[in-house]
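Quick caveat, the model's predicted, so the values are computed rather than measured. Read the numbers this way: they start at 1 and go in the same order the structure lists the ligands and their atoms.
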Amino acid sequence: MNAGIYVQVPFCQTKCTYCNFHTGVFSQDLYAPYVDAVVREIAEYPRLLSEHGISGIPDVVVDTVYVGGGTPSLLDPNSLRAILDAVRAAFDCKLEEVTLEADPETITPEKAAAWRASGFDRISMGVQSFHDNELKAAGRMHRREDVFRATRTLREADFQNISADLIAGLPHQTDESWNDSVTEMLALHPEHISIYLMEIDEGSRLGLEVLNGGKKYSAAALPSDDAMAGFYERACARLATAGYCHYEISNWGLTGFESRHNLKYWRREPYFGFGAGAHSFNGMQRWANAHDPAAYAASVGQGRFPVEQVEKVSRDQALEEELFLGLRQLAGINLAEIEAKYGTNLGSRIEEMRAQGLLEWHGPRLRLAADRLTVSNEVFVNLLE
Ligand code: SF4
């Protein structure tokens with residue numbers, strides 16, 4: 001069976017104002033011991049799994065690797081090579097997609113050449129916006145010009161698969177600035193584009209400012225929900241015209257450039273996560289590592305499994321996952337197959353939601369209604385009630 005490997009690198013240069021991830025600004029002294037821990041965790045994973053009663057996957061073949069964060073492009077290229085070497089040594093690999101997340105300002109010709117030589121063939125670049133005032137307010141380190149320079153550098157280093165992302169709903173974003181950012185993105189012509197809707201919660205400094213008031217993070221300059229939905233819908237139309245296939249709520253690819261690794265998450269295919277806070281799934285169990293990088297590294301250093309929680313996925317949970325992960329994909333789900341697999345009948349609930357315009361049939365497949373993609377979470381809550 002094929003599986004993916006995810007490696008989490010939780011280090012950033014600064015904390016973006018909207019970020020609610022378990023990442024942070026750590027001393028660079030932690031980078032090398034952290035990488036050593038990741039390499040050791042990968043090398044020892046069969047023992048670590050079996051000591052915790054977690055089933056390995058017989059005859060697993062790894063076909064995708066994704067090194068994300070955080071900002072993994074901050075690491076020394078030799079460290080990234082050591083991580084890939086550890087994966088190749090520990091697993092039977094037939095690698096078809098090896099992705100590195102990189103922030104534009106960290107990309108240099110030397111690093112890009114070293115990444116390519118060590119086996120990375122796809123770069124996921126955090127662009128967010130092509131307007132410097134929006135980038136600055138969000139606490140990003142790069143500016144518009146860095147995106148163009150970084151893309152040229154990656155192309156010169158023979159990266160033929162680049163993903164770039166935008167965020168709809170940044171402070172100071174307007175109809176005009178958003179349209180500009182989409183125009184610039186299309187001119188850049190990456191093979192893959194992600195567009196994320198700004199999420200505001202108490203896990204970020206911007207979210208706290210929205211709740212508690214203040215002026216430091218430009219909460220007052222956030223676009224309205226309606227404006228944000230309009231940004232997204234206009235981008236959907238323009239990306240379709242430009243030849244990008246919308247295959248998941250937040251993701252578009254030129255033909256053949258859908259993210260193989262990320263598709264595993266939505267298709268409930270297995271993946272092993274390494275590093276602080278990394279999640280894993282073997283088809284029956286989900287488990288997650290400790291979030292604190294120092295605690296994680298110390299745990300691995302003592303030969304212990306850095307896991308924080310292991311959860312057996314019940315039949316009901318598996319059914320829920322099939323529905324909400326499946327419906328994130330624009331191709332939708334084969335409801336009859338899912339009902340047969342779980343011995344259930346969802347007909348009346350689905351019909352009710354279809355009548356409300358939340359879901360729609362496309363031949364034999366059930367999909368989120370095209371005008372409900374921006375409120376998908378509400379539809380999923382409704383469906384799983
Ligand atoms: S670079 Fe990414 S992970 Fe790091 S703070 Fe910014 S949004 Fe969060």
Which ligand 1 atoms does Gly70 reach within 4.0 Å, using its non-hydrogen atoms?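 The atoms of ligand 1 under 4.0 Å from a heavy atom of Gly70 are 3 (S).
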
I'd like to know whether the aromatic ring centres of [X] and [Y] sit less than 6.0 Å apart in this structure.
{"X": "Phe11", "Y": "Phe26", "result": "yes"}
{"X": "Phe130", "Y": "Phe148", "result": "yes"}
{"X": "Phe305", "Y": "His52", "result": "yes"}

Minimum heavy-atom distance Ala3-Phe272, with the two atoms named: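 Heavy atoms of Ala3 and Phe272 come nearest at CB-CE1, 4.3 Å.
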
Are Phe21 and Tyr265 connected, step by step, through hydrophobic side chains (Ile, Leu, Val, Met, Phe, Trp, Tyr) whose heavy atoms are closer than 4.5 Å?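 They do not share one cluster, since no chain of ILVMFWY contacts under 4.5 Å joins Phe21 to Tyr265.
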
Taking 2.8 Å as the distance threshold, tell me the number of protein N/O/S atoms next to atom 6 (Fe) of ligand 1.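 Protein N, O or S neighbours of atom 6 (Fe) of ligand 1 under 2.8 Å, waters not counted, come to 1.
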
For the pair Asn161 (side chain) and Asp121 (backbone), establish whether a donor and an acceptor sit closer than 3.5 Å, ignoring hydrogens and angles.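 Absent.
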
